[in-house]
There are 2 protein chains.
Amino acid sequence: MDRIDRELLNLLQRDASRTNAYMADEVGLSPSSCLRRIRRLRQAGVIDRIVAILNPAKAGRRLRAVVTVELRLHGEPNTRQFLDLAAREEAVTQAHAVTGEVDAILMLRLRDMEEYDALCHRLFQNRTNVARYWTMMVIRTAKDETAIPLE
Amino acid sequence: MDRIDRELLNLLQRDASRTNAYMADEVGLSPSSCLRRIRRLRQAGVIDRIVAILNPAKAGRRLRAVVTVELRLHGEPNTRQFLDLAAREEAVTQAHAVTGEVDAILMLRLRDMEEYDALCHRLFQNRTNVARYWTMMVIRTAKDETAIPLE
DNA sequence: GCATCTTTGCAATTTTATTGCATGCTGGAC
DNA sequence: GTCCAGCATGCAATAAAATTGCAAAGATGC
């Protein structure tokens, strides 16, 4: 993982649709060397995957929300069980166990409030292990970056 | 945006590194038709970009945190100012204005607690418009999906 | 039902990725 | 400092993939 690898990763994190020749030129390598480095980074698992990022507005998922969740029964197996339940939901894009006043935090992508309502019923009502939850609807997003900063 | 477009988008959201011929076969189209659809989806902005998703652990950003922020002065211009400040930070991967008990929420990717400490000083200390903030360190991530669910 | 505009598949062409191989560089042992 | 082993590199050839023109099929509006 030298300087060139980091440059390549940064390029790929911004736009992975460019040709190998372009990126080779960008980092000052021959196409073959560049390709072999990228392949190595993939096989080593540094690059997890290459994906298309959609425009949420044009894909019909306009609403975004963050939900913090306090569980009734805390501790590992209970938290895990709740997270697994949440992870199965399409609208849940991220599900984390966290430190602090709450036990878990969910990021949602919703079509409308109807979907939110239905989701709440499935995840937070009676039978589940949820004591309380707080929903924050996203008003405006100033930054939304998939790239991980490399030193 | 018919069934085939949605299938293509779903394929691309999971793995955009496959060949056009493979995806054409997957959705039952000829390579040329498939390519033209994908190009159209890109030009229409439905596909925003194609990016590499790195493995955070192997890229040296092991810590993840969610920070909720209550501002001293609420309202549009103040919120915007804070978000813009936060967005300029490398470690901030997401910055949202939200409804609820707090005004903003930040998602962080950190190398270590030292970086967290430095970030807090820059974003939350004295001169800034922050009244209080609550940090939730991510213990475990059960789901972390970039794909947007398409009906 | 007809004319028009769009999408499709095929085949040819162009571009891009991939590989073998010889060379050069790097770091460690002595 | 010198030698050696192990990699990374660039070049050129090859294989694979993307891209385009064109004619036919399909959808849309009147």
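Proteins come first, then strands; the chains are lettered A, B, ... in the order of their sequence lines, and each starts at number 1.
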Verify, without hydrogens or angle tests, whether B:Thr99 (side chain) and A:Met137 (backbone) share a donor-acceptor contact under 3.5 angstrom.
yes

Rounding to a whole Å, what distance do you find between B:Asp5:CG and C:dT6:P?
16 Å

Nearest-0.5 Å distance that lies between atom CD in B:Gln13 and atom CZ in B:Arg6:
12.5 Å

Here the helical stems involving DNA chain C, each at least 3 consecutive Watson-Crick or G-U pairs closer than 3.5 Å, sorted by first residue number, are C:1-30 with D:1-30

Are the side chain of A:Thr79 and the backbone of A:Gly75 linked by a donor-acceptor contact shorter than 3.5 Å?
yes

Within the side chain of A:Lys58, is there an N or O that forms a donor-acceptor pair under 3.5 Å with the backbone of B:Gly45?
no

Figure out the CD1/P separation between B:Ile38 and D:dT20, and round it to whole Å.
14 Å

Given 3.5 Å as the limit, does a donor-acceptor pair link the side chain of B:Asn78 with the main chain of B:His74, or not?
yes

Here the distance between atom C1' of D:dA18 and atom CZ of A:Arg18, to the nearest Å, is 18 Å

Which whole-number value in Å describes the distance from A:Met23 CE to D:dT9 C1'?
18 Å

Atom-to-atom span, CE of A:Met1 to P of D:dA8 - whole angstrom:
14 Å

For every nucleotide of nucleotides 7-12 of chain C, 5' to 3': is a protein heavy atom under 4.0 Å from its base (B), only from its sugar-phosphate (S), or from neither (-)?
-BBB--

For the pair A:Lys143 (side chain) and B:Ala87 (backbone), establish whether a donor and an acceptor sit closer than 3.5 Å, ignoring hydrogens and angles.
yes

Atom CG of A:Leu35 and atom P of D:dA17: how far apart are they, to the nearest Å?
13 Å

Shortest non-hydrogen pair, B:Leu123 vs B:Val130, comes out as O-CG2, 3.7 Å

What are the two closest non-hydrogen atoms of B:Thr93 and B:Leu108, and how far apart are they?
OG1-N, 4.4 Å

B:Arg61 side chain to B:Arg109 backbone, donor-acceptor under 3.5 Å:
yes

d(CG, A:Asn20; C1', D:dT14) in whole Å:
16 Å

What is the distance, rounded to the nearest whole Å, between atom CG of B:Asp25 and atom P of D:dA17?
13 Å

